Amino acid sequence: MTDYLTKGASAFIDDIVAKCGEDHKAWAETFALTYADTLKHALVKDGEERIFVLTGDIPAMWQRDSTAQMRPYLVPAQNDPELADVIEKVLNRQFFNMALDPYANAFNQEANNAGAQTDKTQMTPWIWERKYELDSLCYPVQLAYLFWKNTGRTSHFNQTFELAIERLLTTITAEQDHAHSPYSFVRPDADPGSILANGVGTPVAKTGMSWSGFRPSDDRCEYGYLVPANLFAVEILNDLAEIYKDVLHKPSERFTFLAQKIDAGVAKYGETTNAAGEAIYAYEVDGLGTATVMDDANVPNLLALPYLGAVDREDPVYVATRKTILSKENPYFYSGTYGAGLGSPHTLPEYIWPIAKAIEGLTDPDKANKAAILDLLTQTTAGTKMMHESYNVEDPSQYSREWFSWANMMFCELVMDYFDLHVKQA
């Protein structure tokens, strides 16, 4: 690992600590520790032009996690070229990964055969895990787009980027007709959550949406069309259209065409109703009439749609969806002495996720609510001053994952949001 804590990032930490003052001392302590931690302990030099990002206590790089780990650094990178260099090198590694295999969700630092090499799928020595998750294609694109908007740089839109985007397009398009997909996945002797039925998942109809084998939790999709991931895909495809038109000066219509097909599929098949009879977004559908009323703590989820730029926060379907998933109507909503929020079938019942609490705050315009969430998050670290994957709502000393950099950086982004320090979106 290499210490990438730049002078600009250090100054940014000092500024946030000063803004917190005595009123929010606990926020300041946790922010200072977690914001520096990713730069100091999670980044590994990978040649001169790339940086590999550890997700935390697992020695692999997730396409999704690494994007979320970098996003809060976009704000100081606006005025810190050294920090911008770090982010660009992470992007170079992300698109190197995507070009290697667009179906893989997590990668090894080197071609060393680490990870789940007994899985029955098309593994290579570079791959830690090959669970196909649509959001693994979306997240690096969004980081690349936001990096451009926040720093003005375009050098990351290079040959590797374009190769990766061709593979992204091929994959998303192929998975609009999953019955003819080349992808399958089986993990011998694993729990059901890590195995696709018959290796390819449960049946789905063609809808215009794009199929995903696994959720952002790395648990399997019960029904193949993950609605929040499809809405996220619409957003990043439109971002790509802008990149190709305005930066690369190349045809962009294929991106908008695919975005429109997926968006129409969500509009036709991706909604259901809650107990009150209101229209809401389903979490997953199969295009055959089955829709799930739930949300999972991992992002992209339904709660995060405005944060991802996929829907407007005032969209009536989102408003009704938010009310539904932040209630007992969602089987993975838990409440107790130490908070209420989204959990996941990936972790134990009654465990809620700091990532989801941060998203709850980032999608709420009320600063008092943001502050209450930040207070809760700093009070439930079991004295570590670090965010964990999840914790027990009756006993925060019971938690999963000692070091989870994604969660740390989501906390940091919420602190920044509270003080109106936002990533430029356009």
Side-chain angles (χ1 to χ4, degrees), residues 1-44 51 53-57 65-87 90 143 150 307 338-339 353-362 367-391 396-397 399 401-423:
M1 288 171 289
T2 304
D3 186 343
Y4 286 101
L5 184 63
T6 67
K7 290 181 180 179
S10 293
F12 187 74
I13 292 171
D14 292 342
D15 181 55
I16 294 292
V17 168
K19 289 180 186 299
C20 290
E22 290 299 315
D23 290 342
H24 303 301
K25 202 168 183 178
W27 302 3
E29 291 176 352
T30 300
F31 183 90
L33 180 63
T34 54
Y35 199 80
D37 182 76
T38 296
L39 290 172
K40 293 174 71 173
H41 301 128
L43 307 186
V44 183
I51 291 175
V53 185
L54 299 169
T55 186
D57 51 17
D65 296 27
S66 57
T67 295
Q69 287 167 265
M70 290 294 105
R71 180 169 161 143
Y73 299 124
L74 289 170
V75 174
Q78 295 165 8
N79 302 299
D80 181 359
E82 188 180 359
L83 187 56
D85 288 344
V86 172
I87 301 170
V90 170
L143 182 62
N150 282 266
Y307 167 79
Y338 294 94
W353 286 53
I355 285 173
K357 289 303 297 182
I359 288 293
E360 191 178 333
L362 286 162
K367 280 206 171 187
N369 292 340
K370 296 178 193 288
I373 290 171
L374 288 166
D375 287 339
L376 175 70
L377 290 174
T378 54
Q379 292 162 7
T380 52
T381 68
T384 66
K385 296 184 174 62
M386 300 275 275
M387 297 297 113
H388 302 123
E389 178 186 54
S390 67
Y391 71 86
S397 69
Y399 58 80
R401 297 193 66 173
E402 185 75 26
W403 181 32
F404 193 27
S405 182
W406 179 14
N408 285 334
M409 297 311 291
M410 293 302 301
F411 167 82
C412 291
E413 192 166 358
L414 181 56
V415 174
M416 293 162 58
D417 178 77
Y418 181 84
F419 291 115
D420 298 315
L421 294 166
H422 306 296
V423 174

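Every value quoted in this text rests on a predicted model; they were computed, and no experiment measured them. For the single chain, residues carry numbers from 1 onward in sequence order. Only this structure's heavy atoms are used, side chains among them; waters, hydrogens and symmetry mates stay out.
The distance from atom SG of C20 to atom CZ of F419, rounded to the nearest 0.5 Å, is 4.0 Å. For the atom pair I355 CD1 and M387 CE, the distance stands at 11.0 Å (nearest 0.5 Å). The CE atom of M386 lies 10.0 Å from the OG1 atom of T381; values are rounded to the nearest 0.5 Å. Taken to the nearest 0.5 Å, the CD1 atom of I51 stands 4.0 Å off from the OH atom of Y4. Here the NZ atom belonging to K370 is positioned 14.0 Å from the CG atom belonging to D375, to the nearest 0.5 angstrom. The distance from atom CG of L374 to atom CG of N369, rounded to the nearest 0.5 Å, is 11.0 Å.
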Hey, mind stepping through L83 and L39 against side-chain contact (heavy atoms from CB on, under 4.5 Å) and telling me if it holds? CA-CA 10 Å; L83 187 56; L39 290 172; 4.1 Å; yes
One pair to check against side chain to side chain donor-acceptor pair (under 3.5 Å): S405 and Q69. What are the steps and the verdict? CA-CA 7 Å; S405 182; Q69 287 167 265; 3.0 Å; yes
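Between F12 and Y35, the two ring planes are tilted [angle within 30° to 60°].
Each of V415, T378, T384 was evaluated against T30; a single residue qualifies, T378, per the side chain to side chain contact (heavy atoms under 4.5 Å, CB included) test. Each of Y399, W353, W406 was evaluated against H388; a single residue qualifies, Y399, per the ring pair (Phe, Tyr, Trp, His ring centres under 6.0 Å) test.
Between Y73 and D80, every side-chain heavy-atom pair lies at or beyond the 4.5 Å cut-off. Contact check for L5 versus I13: side-chain heavy atoms found under the 4.5 Å cut-off. Here the side chains of L43 and M70 are in contact, with some heavy-atom distance below 4.5 Å. Looking only at side-chain heavy atoms (C-beta outward), M416 and F31 come within less than 4.5 Å of each other. Within the 4.5 Å cutoff, the side chain of V44 has no heavy atoms near those of the T2 side chain. The shortest distance between side-chain heavy atoms of D65 and V53 does not fall below 4.5 Å. For the pair L421 and D417, the minimum side-chain heavy-atom distance is 4.5 Å or more. Residues S66 and T55 form no side-chain contact, since every pair of their non-hydrogen atoms from C-beta on lies 4.5 Å or further apart.
Contact record, M409 with T38: SD-OG1, 3.4 Å, taken as the closest heavy-atom pair.
Donor-acceptor pairing under 3.5 Å is lacking for the side chains of T34 and N408.
Ionic pairing of D14 and K19 is not present here: no N-O contact between side-chain nitrogen and carboxylate oxygen is shorter than 4.0 angstrom. Between R71 and E413 a salt bridge is recorded (basic side-chain N to carboxylate O distance below 4.0 Å).
Other residues, nucleotides and ligands contribute more than 12 heavy atoms inside 6.0 Å of the NZ atom of K367.
Taking the ring pair (Phe, Tyr, Trp, His ring centres under 6.0 Å) definition, one finds that Y418 meets it with H24, W27, sequence neighbours left out.
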